[in-house]
Amino acid sequence: MDYNIEKKPDETLPEDPYKDIERLLLALEKTGKPYDIEKIKRAFLYAKQLHEGQYRYSGEAYISHPIAVAEIVASLELDTDSICAALLHDVVEDCGTKVDLESIRRMFGDDVAMLVDGLTKMVAISFEDKDEAHIENLRKMFLAMSKDVRVIFIKLCDRLHNMRTLGVKKDEKRRTKALETMHVFAPLAHRLGMQRIKQELENLALSYLDPIGYDEVKSDIEKKYGESVDFIEKARAQVSDKLSESGIDFALEGRVKSVYSIYKKMYEQNKSFDEIYDFYALRVIVNTEEECYVVLGLIHEMFKMVPGRFKDYISTPKPNMYRSLHTTVIGRGAIPFEVQIRTWEMHQIAEYGIAAHWKYKSGAESKEDIDRKLEWISRLIETEDDTRDPDEFLRALKIDILHDDIFVFTPKGDIISLPQGATVIDFAYAIHSAVGNKMVGAKINGMIVPIDRVPRNGEIVEILTSSQTKGPSRDWLKIVRTGEARNKIRQWFKKEKRAENIVVGKQEVDREFKRMGRSCTEAQKAEIISNIIKRLGIHDADDLYNTIGYGGMTITKLSAKIKDEFDRIVKPEEPALPEPEAASVPVVEKRRRSNGGVVVDGVEGCAVKFAKCCNPLPGDPIVGFITKGYGISIHTRDCENVVINRAKPENVGRFVNARWDVAADSTANSFETTLCIIAEQGIRLIADITSALADMKVGLTGISTNIRQDGSLVVNVTVSCRSLEHVKSIAAGLRGVANVKEVHRVGSV
């Protein structure tokens, strides 16, 4: 709480104890809703008594703030408990010696106590500060929202009044509050569909963050509107006459874009004020959905439509429930303006978002609808619970809150909403975990596309699946955009690759111990790990290693805890551990024989796979690399990725000796490699190449072609083979094909 509460009271209670809430009571009466006025009066008197002697920086009695917040809450037409909670929202935090949550529960019931508790937990928050305390505050806020969305409604009203009265604060405090508002509360209001509150928060925040820019844009708006007021008034009159002739009951509003929306467009698109063309808008409000489309037809009869500027958010609402028809037309003087057409219910939802459900719906229907609209909050909490990583939580939060959604369709016509920039993999996991885990490809509008393809609004996406797939690729974690998809991929690795995860996680932890600079016994190491497990609330060491291995926790996040416990348990006087000599491949005595015909030193119980970047074959010098989640990846020693990764300090200890098992049956395993064929173009060239491979009894698994600048043809063929010698034999056979000039193995030096 950052208000001045030291000033001594110098006023007496007015004769009418409810004089301060006259406007609030009048507003409630006008709604016609059955508010429990006596309960609201009791909440006011209790809050006034508790805040007695507390004053705001402006010099006003502190109770003026809860009253103002309650009035904003009342404008949303929320229920009695919400208004009581608004009046009481600061008493536990600011009057803790006089009251506690249990007292509020006894006097006003469980719901009011729950709302006040949720609001009390919402202390300073920031998107930019990655400190764990700030992340925990964000998490508390979303946990409170997940229990009852009224918590955030009241908090937004609280923040709105604070922003309206921020001018009395010092410049540094104003800027901090404005940044918080711009980064957290305005995007939240947008995500909840509360456009009126969102726009006012953005404008107020901008006025403190860039007062010069704000004043310039505001001045330009007033000047342009003053010069063109005749234009918008004539357009209104023209539309009004047409709708009246058609017998439609309507309301008509004219408006200009907000200061912040114009400022943002100028900044993001590097435009001057004179280049902002969608400055004007008319809003037509009618009684029925059918009339919306009738009005749309009449508007298009009167004005020329701007192609590509029509949006039907009635048939396809935005994720925040916004519904309206938008069209841009050309008015007098070739001036474009937007027309929005909606019903009164759509208008209320556009202005107040999910909060409007309290006016139009009630009971189980409203709760079910709201729960569905707030599923993204549950996904956010699941991300934090699963990863325990502040960076990951902030990433998911920014994507879920700050990015507008697009709509794409399944082949059956179902609508799936995704944040902008989401890929077809995100789409697959948005349908179901099983669809994502079995995904092998995708089609957009009937055409096969890469799995990192980003769908556009309105496209039809089909996910290709196979029961034979081995599951998602670890690389998908670098491709997907949504926290939901990333979480589901991690869950798959957590469940299906536990043994490999434990190996990788233990390797990571062991490297952290080596960085401590002094030795410790196995008993001390076990004690350190045991203490860390208790601090994190994890069941056992294998669970910790598994979590690190599948990416649920970064070793960076764990390193500080390891150091704390190490310094506490291992005495400084113990001899320092000598620095290990750098070696390209550590030599260890343990050996493990894989099913792939490779002997790996030093690692047991871990799967082996052959790297696609170099496709090693029996006969190639090889090395193993311990990956995170994939087991051990086998590369050729001269592979470019090996050279690059050996130079990175964090990869020390991840390379292990590997060699081909000479005792293994060379025919038991099949490998893939790609051969590059350079040839003169000919009508039978491809047929001759495939015939030659068939004669050699070589399986062909892929083929692609490309024409070089000199006119020659490059043919890449991916073939099945047994060894390096077998590949040399295949290459020799292909060199005998007519018109072939050169054959070499892709990636060979």
Side-chain angles (χ1 to χ4, degrees), residues 11 13-52 60-91 104 107-116 119 148-162 164-165 189 192-197 200 249 251 253 285 287 343-363 365-367 370:
E11 61 179 356
L13 284 173
E15 293 181 8
D16 178 4
Y18 306 114
K19 181 176 176 57
D20 292 339
I21 57 168
E22 279 181 348
R23 284 188 311 179
L24 172 62
L25 297 176
L26 182 60
L28 296 177
E29 183 182 345
K30 285 182 177 179
T31 66
K33 295 181 69 172
Y35 283 104
D36 186 342
I37 300 298
E38 290 306 313
K39 185 175 183 179
I40 292 170
K41 287 181 176 180
R42 281 193 294 112
F44 160 67
L45 291 177
Y46 191 50
K48 185 175 179 67
Q49 175 191 344
L50 291 170
H51 285 301
E52 193 69 37
E60 295 175 286
Y62 188 78
I63 190 62
S64 64
H65 170 64
I67 292 171
V69 174
E71 288 176 356
I72 301 173
V73 170
S75 73
L76 300 178
E77 297 191 21
L78 298 185
D79 57 4
T80 295
D81 286 343
S82 298
I83 294 168
C84 290
L87 290 166
L88 296 163
H89 76 274
D90 276 334
V91 295
I104 293 175
M107 296 179 67
F108 300 101
D110 290 339
D111 271 13
V112 174
M114 181 273 298
L115 293 172
V116 171
L119 290 159
D148 196 315
V149 74
R150 290 176 295 176
V151 170
I152 198 61
F153 293 160
I154 302 167
K155 186 62 180 179
L156 286 170
C157 295
D158 174 44
R159 176 51 59 112
L160 180 57
H161 184 250
N162 282 335
R164 287 173 177 175
T165 56
L192 296 170
M194 305 170 75
Q195 295 306 306
R196 178 172 292 184
I197 289 178
E200 188 174 353
D249 183 22
E253 300 176 353
I285 307 173
N287 294 320
T343 66
W344 285 104
E345 180 177 348
M346 293 174 195
H347 180 61
Q348 288 294 312
I349 292 174
E351 296 289 292
Y352 302 113
I354 291 177
H357 274 235
W358 267 261
K359 180 172 182 177
Y360 285 97
K361 295 184 180 181
S362 61
E365 179 189 12
S366 176
K367 187 177 187 308
I370 290 171

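As the structure is a prediction and not an experimental result, all values here were calculated from the model.
- In terms of heavy atoms, L28 sits closest to A74 at CD2-CB, 3.7 Å.
- Figure legend: cation-pi geometry between K41 and Y18, with NZ or CZ positioned under 6.0 Å from the six-membered ring centre and within 45° of its axis.
- When every heavy atom of L25 is checked against every heavy atom of I37, the shortest pair comes out as CD2-CG2, 4.0 Å.
- Rounding to the nearest 0.5 Å gives a distance of 13.0 Å between CZ of R150 and SG of C157.
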- Please walk me through it: do D81 and K39 pass side-chain contact (heavy atoms from CB on, under 4.5 Å)? CA-CA 9 Å; D81 286 343; K39 185 175 183 179; 2.8 Å; yes

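- To the nearest 0.5 Å, atom CD of residue E71 and atom CG of residue L76 are 12.5 Å apart.
- Annotation: side chain of E351 is not in contact with side chain of I197 (no heavy-atom distance under 4.5 Å).
- I72 contributes atom CD1, which lies 12.5 Å from atom CZ of R159 (distance to the nearest 0.5 angstrom).
- Counting heavy atoms from C-beta outward, L24 and F44 have side chains that stay 4.5 Å or more apart.
- Across W344 and A251, no two heavy atoms sit closer than the pair CZ2-CB, 3.5 Å.
- Annotation: the span from L50 atom CG to L87 atom CG amounts to 12.0 Å, rounded to 0.5 Å.
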- Run the numbers on I104 and V91 for side-chain contact (heavy atoms from CB on, under 4.5 Å), then give the verdict. CA-CA 10 Å; I104 293 175; V91 295; 3.7 Å; yes

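- R164 CZ: more than 12 foreign heavy atoms inside a 6.0 Å radius.
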- List the steps, then state whether side-chain contact (heavy atoms from CB on, under 4.5 Å) holds for E77 with Q348. CA-CA 11 Å; E77 297 191 21; Q348 288 294 312; 5.6 Å; no

- What do the steps show when you test R42 against L45 for side-chain contact (heavy atoms from CB on, under 4.5 Å), and what is the final call? CA-CA 5 Å; R42 281 193 294 112; L45 291 177; 5.9 Å; no

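- Neither side chain, Y35 nor D79, offers a donor N or O lying under 3.5 Å from an acceptor on the other.
- D158 is not listed as a side-chain neighbour of L119, based on a closest heavy-atom distance of 4.5 Å or more.
- Counting heavy atoms of neighbouring residues, nucleotides and ligands inside a 6.0 Å radius, atom CD of E253 exceeds 12 of them.
- Residues K19 and E22 have side chains in contact (heavy-atom distance under 4.5 Å, counting atoms from C-beta outward).
- The aromatic rings of H89 and H65 sit perpendicular, their planes meeting at an angle over 60°, well past the 30° parallel limit.
- The distance from atom SG of C84 to atom CD1 of I154, rounded to the nearest 0.5 Å, is 9.5 Å.
- Proximity of V112 to V116: side-chain heavy atoms (C-beta onward) are separated by under 4.5 Å at one or more points.
- Separating the CD1 atom in I63 from the CG atom in D20 is a distance of 8.0 Å, to the nearest 0.5 Å.
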